[in-house]
Amino acid sequence: MTGFSVLLRKELLEQWRTLRLPVIAAVFVVIGLGSPLLARFTPELLEALGGAQFQIVLPPPTTADAVDQLIKNVSQFGILVAVLLAMGSVATEKERGTAGLILTKPASRGAFLFAKLVAIGGTLAVATFLAAAAAWFYTLILFEALPVGGFAASALLQWLALMVFAAITFLGSTLTRSALAAAGIGVAAFIVIGVLSVFPSIAPYLPIGLGAPARALALGLPPGDVVGPVVANVALIGAMAGLSWLSFRRQEL
Amino acid sequence: MTGAPLAASGDAAVRTRGLTKRFGSVLALDSLDLDVPRGSVFGLLGPNGAGKTTTIRILTGLARATSGSASVAGVDVSNDRPDLRRRLGYLDQDPRFYGWMKGRELLELVGRLAGLAGPGLRTRVDATLERTGLAEAGSRRIGTYSGGMRQRLGIAQAVLHEPELLILDEPVSSLDPEGRRDLLELIESLAGTATVVVSTHVLADVERICDRVAILDRGRLVTEGPLSELLAAHARPIFRLRPVLGQGDRVAALATQLRAAPWAKSVEVAAGTVRIDVTDADAASRQILPLVVASGVALTSFEQAQPTLEDVFLELVGPASPDELDGRGHLRPREVDRS
């Protein structure tokens, strides 16, 4: 992993300088703030929209609605962001020739790849935890206080789920020279995982299956068996990273 | 120079044996055996498609050989060897950089990868920016650089860590005359301390800076050796006459008389010069001037010329026949015979 720390520093600087990190962080803060707001005011909005002709009766909003809204929004926008972040990470550098610039220097191909994956993970982590912090704060104002530790653990599981999609797209970016093709692989993985999640025996071990324990942890409830799903998703990320390295180490640039 | 002296494989900084590279049915390199002595400034010459860039890409680890071997400093290049690349500087023929990065930041990145740090790194970066004429542009984003400035930055990143082996692929292609002069001076200053492999089409530059050359043609090594020996080996007696302008008819008549001489191999009149390729230099040197006097042609100069590298290059590689050229005027690569 020669050159890993130097390349990680370059990747993080790139995330900042190209505005990816600040823009994604801002979007996730808006998601974090908006989720409890939406949960709190949806019944009133629907009532106002319905007017005198239609009467829509919804149960009073609760903290569970705020958490559900947060997990739904983070997973939807987050998967999109994860794919966008990872799609060009390697493919664009191969296409533009900058991968050749770095890899004729004393840096290993493994360091080149994993610095990118860690930087993507870092950006997604900052964004996910900012969204969680914003959501926790607005839930406190609009509803009630939720356990900080549970909320942080919930954010960790949401981040892990996003990292699976980022890692699959990253593998696509390593295999191809086209960011669009890599994005296609990421989207295809999302569809396949969605289809597989209808099978109850494997659903908990898929990234989408992490939503249930994440919800329970955020609400301060017992999450059930979380070790197995976490290990499965970490293994999936590891497998994608390993396959990326196996592919990339023999590629011509 | 950084690092220990170049290790084994004799005195060769670069060695290839049977180096072969195929792209599908196209044979880009055909069993190339090459030795680049350490400390030499080595010119890698050849027409487009000769295999120069493919050779360089294999040496730098960007491409893999189909068969054969290549080593730098005695170390096989086929594996991912960052420690080997610490001793290598490389300039691509079309250097690409991160547009969001500043020139100084790129050099700091390259320096850190090479193991430099702290005040030593800053001093080295400052000196390299100054040396390559980028002192003022170093704080600007690379995305705003001109083609020539990017080429200078490419040179800067290649020499920053003072490598033992510097590989330059078409280094003067985007440089203005001043940049070209600076680069040639830089290469000359490295002679004897570092090994420099330079691939270029500018033969005058090769004659100025290189002590050895190899000529490739369609993936094969045509010749290799010290430049002086190469010029001597292919020396042919050539005479050049430069008539005073405005004597077209007389010069044409003189050319006809010269062609009739038994020692004349060929006579060409072009660009105000009469070039006489002869088989017997002694006879020619005695008889050319009397023929000139008899024809009444007034001269500004008369010389027995030394062959240039261009003469040798054209003799060895020769002008391509029309069926050897592709639609852009480049030589077609050779197809692999699968019969």
Side-chain angles (χ1 to χ4, degrees), chain A residues 1-24 85 88-116 119 123 174 177 179 242 244-253, chain B residues 2-3 21 23 54 56-66 72 77-102 105-117 121 141-143 150 153-154 157-158 160-161 163 167 169:
Chain A
M1 295 286 273
T2 311
F4 174 78
S5 60
V6 176
L7 292 176
L8 178 60
R9 183 172 165 173
K10 172 253 167 193
E11 291 297 329
L12 293 174
L13 180 65
E14 185 170 10
Q15 299 274 359
W16 180 257
R17 198 67 75 69
T18 56
L19 301 180
R20 276 177 234 166
L21 177 56
V23 167
I24 291 169
L85 263 178
S89 54
V90 182
T92 305
E93 290 230 20
K94 285 193 285 184
E95 187 189 4
R96 290 182 181 164
T98 44
L101 169 74
I102 296 297
L103 292 172
T104 51
K105 303 288 176 286
S108 68
R109 292 193 175 207
F112 179 79
L113 281 188
F114 295 128
K116 287 182 174 298
T123 299
T174 307
R177 278 183 177 266
S244 300
W245 179 74
L246 283 173
S247 157
F248 191 63
R249 72 190 179 122
R250 305 291 298 177
Q251 280 181 23
E252 297 200 356
L253 298 171
Chain B
T2 53
K21 178 66 177 176
F23 296 102
T54 301
I56 286 173
R57 284 173 53 76
I58 291 172
L59 290 174
T60 53
L62 293 175
R64 294 185 180 279
T66 307
V72 168
V77 299
S78 61
N79 298 315
D80 187 15
R81 292 289 301 266
D83 56 326
L84 176 64
R85 294 197 293 273
R86 203 179 299 277
R87 302 155 84 174
L88 181 79
Y90 169 56
L91 170 66
D92 192 275
Q93 62 179 335
D94 180 19
R96 303 295 184 92
F97 304 106
Y98 301 102
W100 55 268
M101 207 178 249
K102 295 170 183 171
E105 289 173 340
L106 178 91
L107 296 189
E108 287 171 352
L109 169 71
V110 169
R112 286 194 188 97
L113 286 172
L116 301 171
L121 172 62
R141 290 195 176 192
I142 299 169
R150 281 200 296 273
L153 185 63
Q157 59 81 32
L160 177 81
H161 58 300
I167 300 179
D169 194 0

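These figures come from a predicted structure and were not determined experimentally. Throughout, a chain's letter reflects where its sequence line sits, starting with A, and its residues are numbered from 1. What's counted below: heavy atoms across the whole structure, side chains too, no hydrogens, waters or symmetry copies.
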- Can you name the residues that form a salt bridge (charged side-chain N to carboxylate O under 4.0 Å, His left out) with Glu95(A), not counting sequence neighbours? none
- Message: Please identify which of these residues, Arg86(B), Arg81(B), Arg85(B), meets the side chain to side chain contact (heavy atoms under 4.5 Å, CB included) condition with Thr2(A).
- Response: Arg86(B)
- Go through the structure and list residues passing side-chain hydrogen bond (donor to acceptor under 3.5 Å, both in side chains) with Lys10(A), not counting sequence neighbours. Glu14(A), Glu93(A), Tyr98(B)
- Item | Engaged part of Arg249(A) at the chain B interface, taking heavy atoms whose separation is under 4.5 Å | backbone
- Going from CG on Leu62(B) to CG on Leu101(A), what distance comes out if it is rounded to the nearest 0.5 angstrom? 10.0 Å
- Item | Crowding at CZ, Arg96(A) (>12 non-hydrogen neighbours, <6.0 Å) | no
- Message: Please rank Glu108(B), Met101(B), Arg57(B) by heavy-atom pairs under 4.5 Å with chain A and give me the top one.
- Response: Arg57(B)
- Item | Spacing of Leu109(B) atom CG and Leu13(A) atom CG [to the nearest 0.5 Å] | 9.5 Å
- Could you tell me whether Glu105(B) and Arg17(A) have a side-chain N and a carboxylate O separated by less than 4.0 Å? yes
- To the nearest 0.5 Å, tell me how far Leu113(B) CG sits from Thr104(A) OG1. 10.0 Å
- Task: Verify the neighbour count for atom CZ of Arg177(A): are there more than 12 heavy atoms of other residues, nucleotides or ligands below 6.0 Å?
- Result: yes
- Which portion of Arg9(A) sits near chain B, non-hydrogen atoms under 4.5 angstrom: side chain
- Query: Does any heavy atom of chain A fall under 4.5 Å from the side chain of Ile167(B), the backbone, both, or neither of them?
  - Reply: neither
- Task: May I ask you to name which of Gly110(A), Ala107(A), Ala99(A), Gly97(A) has the most heavy-atom pairs under 4.5 Å with chain B?
- Result: Ala107(A)
